[in-house]
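Report on one structure; see the data block that follows.
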Amino acid sequence: MKKVLVLLLLVIFGVYLADVMFSLEFGRQVFTDGVRDFYLEKSPLDLKVSNTITAIVVNFRGFDTLGEVTVLFLATTAMGGILYKKRHAAGTRSVLFSSSKIVMAGSKILFPAIILLGVYVFIHGHLSPGGGFQGGTIIATGFLLMLMAYYDYSVNHNVLTIIESLAGITFAGIGLMGLVKGGSFLENTMPVGVMNNLFSGGLIPLIYIAVGFKVGAELTGLIYTALHEKD
Amino acid sequence: MDQVKFDISLIEYGFFISAILVIMIGLYGAMVKKSLIKIVIGLSILESGVNLLLITIAYVQGGTAPIFSPGLLKDMPLTVENIKALGAGMVDPVPQALVLTAIVIGFGVTAVALALVIRLYRHHHTLVIDEIKNLKW
Amino acid sequence: MIIYLVFLFILLALMVGAAIFSIIQKDLLYAVIGTGVISLILSVLFFLLQAPDVALTEAAIGVALTTIIFIITIRNTVRFEDEHDRKEAGESKKFINN
Amino acid sequence: MVGSPVLFVAIPLLTAFLIPLFAYIWKELVRIIPGIVILYLLVLSVSLYGQVLREGTIVEQIAGWAPPWGINLVFSPFTGLLSTLMLFMAFIIWMYSYRFKNIDFEPSKKYFILLLMLVTGSIGIVLTGDIFNQFVFIEIMSISGYGLTAFYVGRDSAEASFKYLIMGSISSMFLLLAIILIYSQLGTLNMADIASKAHLMKPEFKILALIFFILGLGIEAEIFPLNGWAPDVYSQAPGPIGAAFSGIVVKAGIYALIRVIYTLFDVEGSLQFLVIIGMITLIIAEMAAIRQDKIKRMLAYSSIGQMGLVLVAFGIGTHEGVFAALFLMVSHALIKPLLFLSGSYLVFNSTEKSIKELNGLGKFMPLTSFLFALGAIAIVGLPPLSGFWAKWSVLTAAANSGMLLVIGLVLAISIVEIVYYFRVVNRIYFFKKEESVVPKIPTINAKFAMVILAVIIVAIGFYPDLITSYLHEASETLLDKGNYIQNILSVAQQVTQ
């Protein structure tokens, strides 16, 4: 009964939403006075960042990104609190299976390559697609691979915490630096350099590198926490 | 980046319809299903649908990705006119930035939800929602 | 041109199909694989819609991390949506090994 | 230059990232630092608020971009009032939970991080002038809320938290949909910019966006069909967190909803909608409250009912109505935490947390019982305390707008409230104590926190003029939409010219 009711409600809702959405012209939405043109113009000219999305994520809407890394940080914290047990059986792995030799050898070779790719992605965030989040998640998948392949592989939780904290402090600190220098929070106070060079964009690559470290550490910690809970 | 030009007349509503369908399927799963993990799966499907809708709105017909790569600039001088001309042919970067944020936030929420599922299972040894009703639902 | 369109329609249909599959499938492990497929297709769609950054993020988070965290949860809890199915499946459908 | 509004977000975030490092130095720092930070921010908020009242709204740009393009924070007489109130409540709650229970060290670090972020998220919601930024802060607030609700392992807290999480994340998806709809029409995310261009939106988009906003924000604001999570969360979360929810989180939710309805769009009939939904919420919640046998669930339903009354008062739409709503919000933000804080010590050692177990505790815990009774008298609106003036202002506002139904309802609801609150007070003072109940004497910091609240409630009761001028200022700010837009977008006009 409930199923039918919900289904009916959803169909009405979906048809209404679709009806409204269809009045948009797919692929022809151009705003003459929206924020889009401003970003597309200022990003290459003022910030010398060729990847506009990076400019938006780190600079124009950098406050969102600060909030976002906080959300991940909170998710890790909350997970730790939720799964906390008084008598903590240290080092018990919940997913216990041994991989074959081939998988183990393969992941040993792949692991440095994945980490390198992640680092490349977040260092070149202002030049090409990718950036701190993407690089951080790639690094986390690298650790995930190792955790899956080697059943006794362990990550030092203290190191993760310290990296996470330091990266977070760097981000917030860079933000406050703008304020101290008399500008506003997260303002790009460094010289921006020449476009499409690695060292360009002022503070943007620095912030994205901090985000990369933070996201990488947080996601790794998150998976590690989930993996090491056995009831 | 390879240019993929869509014939709008055919594909016009394909993206909208499928995004809305995915949203509805996700909502259905989250509202009706009895298994805790199924509810979380529903949530993650719902998130996917909303993200697709956002990116669909950002798309501009025949537009390029909003990246001023050296290949695109082709030794053009960086003047306001050139940048404006290039920018006019780009898709909207703002919703993409929003989706980037939304995906990461969604993952955080999913992780917390699954941690709660694990703890509920520890207490009740079941995932069926009807058997966990210590509180009124 | 027409091939692109057909390809696109197949992708969209597959995505909706995977979503329905994930919701109706009783075996939670398969359902989770279904969500992984949704994310994978979504990431391709994002790339086609000229959003390479989002496509990268979706590929890493949606396909790899979300799926694995679901699988860890399933491993820690139960594999089937209701108890009845678990008994029916019996020994043959035990989780990976152990 | 006293300080910048961005510090209200930046400093707590910095602290939250630092706390894990402090834990390596000295474990006690983990408890102390958040309190110092909250106190500092409270002082900053008070001084900024004074400055704002003298010199007008502060609009803080972030990353050096003028408002429609960059994110901005708005510290106006209205938002300043709310942020000061929230920080004050946060300080009280921190003081109370400093030694709340001998929780193990490891979660206590997490507890204080999450508490700090719960407050920061709420303040961010109030201060920000950008809808997507508000979404991010709502997520920060709710994730901290999920974590804090499930903090005690022994109870059914995970169940309550899961319920809250499911409802919360579905609603945040609706919020995202609303943001998409607005962006697809106007190409902007700034609230003032949206408000100034709202007439350009196609009407069907406007209506749908408004519906999605109500669905998305109604969860935090606890409006009728969406408040199913609240009683469970309030009763299962640790005591101080119940207080934080009723004193801080709900206020942020109401703020967001009101900002959408008053500033973002002016859809015909949305105020009537507020009145109707508020009345339904009020009636259903109070009817539910009278049937509860567990103290915290009763308080939770009462809280929902009060929020319904706030919405009704906002729905009146006049200056007086907004004033009454704000008075009610402030008064409720002070009283309900007092009830939660004292109530959770009254039932500290019991597992059931039922009202029966309060029998005769008045002799054994005189101070706590007295404070609970004081809170009960204040919230039902008996004369000498702050709750009376709040309800009185609602009544006068309704009378001046000719809404007789509202007057009747408020009076009827007050009688219901008297019945269920005095049932509890009666048990505390005039029943015989049950053998099984072992009273727990509050720690000194908890007593101190509760007494401060009680003193303020009494002070406002005797001298309502202490706050009325601020409330008038705040309600004027909220109603003056043109000025809000002007304040924020004037910077942008200077840039373009």
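Bear in mind that the values here come from a model prediction, so they are computed numbers and not experimental data. Hydrogens, waters and symmetry mates are skipped; everything else that's a heavy atom, side chains included, is used. Chain A is the first sequence line, chain B the second, and so forth, proteins listed ahead of strands; every chain is numbered from 1.
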Using non-hydrogen atoms only, which part of [X] is less than 4.5 Å away from chain C: side chain, backbone, both, or neither?
| X | answer |
| --- | --- |
| B/Val32 | neither |
| B/Ile45 | side chain |
| B/Ile25 | both |

**Request:** Please determine, among C/Ile24, C/Leu42, C/Leu56, the option with the most heavy-atom pairs under 4.5 Å with chain B.
**Result:**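 Result: the option with the highest number of such pairs is C/Leu42.
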Taking all non-hydrogen atoms of both residues into account, name the closest pair between [X] and [Y] and its distance.
| X | Y | answer |
| --- | --- | --- |
| B/Gly42 | C/Ile23 | CA-CD1, 4.2 Å |
| B/Gln96 | C/Leu49 | NE2-O, 4.4 Å |
| B/Ala111 | C/Ile69 | CB-CD1, 3.9 Å |
| B/Tyr59 | C/Leu48 | CE1-O, 4.3 Å |

Output the distance between atom [atom1] ([X]) and atom [atom2] ([Y]), rounded to the nearest 0.5 Å.
| X | Y | atom1 | atom2 | result |
| --- | --- | --- | --- | --- |
| B/Ile55 | C/Phe47 | CD1 | CZ | 13.0 Å |
| B/Phe15 | C/Leu11 | CZ | CG | 8.5 Å |
| B/Ile118 | C/Ile72 | CD1 | CD1 | 8.0 Å |
| B/Ile67 | C/Asp53 | CD1 | CG | 5.5 Å |
| B/Met24 | C/Ile20 | CE | CD1 | 10.0 Å |
| B/Ile17 | C/Leu12 | CD1 | CG | 9.5 Å |

**Request:** Please confirm whether the backbone N or O of B/Val60 pairs with a side-chain atom of C/Gln50, one donor and one acceptor, at under 3.5 Å?
**Result:**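 Pair absent, no side-chain N/O of C/Gln50 close to backbone of B/Val60.
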**Top of B/Val117, B/Ile41, B/Val91 for chain C proximity - count of heavy-atom pairs under 4.5 angstrom** =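 Most heavy-atom pairs within the cutoff with chain C belong to B/Ile41.
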**Asked** Could you go step by step and tell me if C/Val78 and B/Tyr121 meet the side-chain contact (heavy atoms from CB on, under 4.5 Å) rule?
**Response** CA-CA 9 Å; C/Val78 287; B/Tyr121 185 75; 3.4 Å; yes
**Request:** For chain B, find its close neighbours in residues 32-41 of chain C: heavy-atom separation under 4.5 Å, sorted by number, or none.
**Result:**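 Hits under 4.5 Å: C/Val32, C/Thr35, C/Ile38.
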**Request:** Using non-hydrogen atoms and a 4.5 Å limit, figure out which bit of C/Leu45 sits close to chain B: side chain, backbone, both or neither.
**Result:**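 For C/Leu45, the contact with chain B is made by the side chain alone.
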**Message:** Please list all pairs meeting side-chain hydrogen bond (donor to acceptor under 3.5 Å, both in side chains) that have one or both residues in residues 38-52 of chain B, counting only residues at least two apart or in different chains.
**Reply:**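 Of all non-adjacent pairs touching residues 38-52 of chain B, those that pass side-chain hydrogen bond (donor to acceptor under 3.5 Å, both in side chains) are B/Lys38-C/Glu81.
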**Side chain proximity check, B/Val40 to C/Phe70, heavy atoms < 4.5 angstrom** =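 Counting from C-beta outward, B/Val40 and C/Phe70 do come under 4.5 Å.
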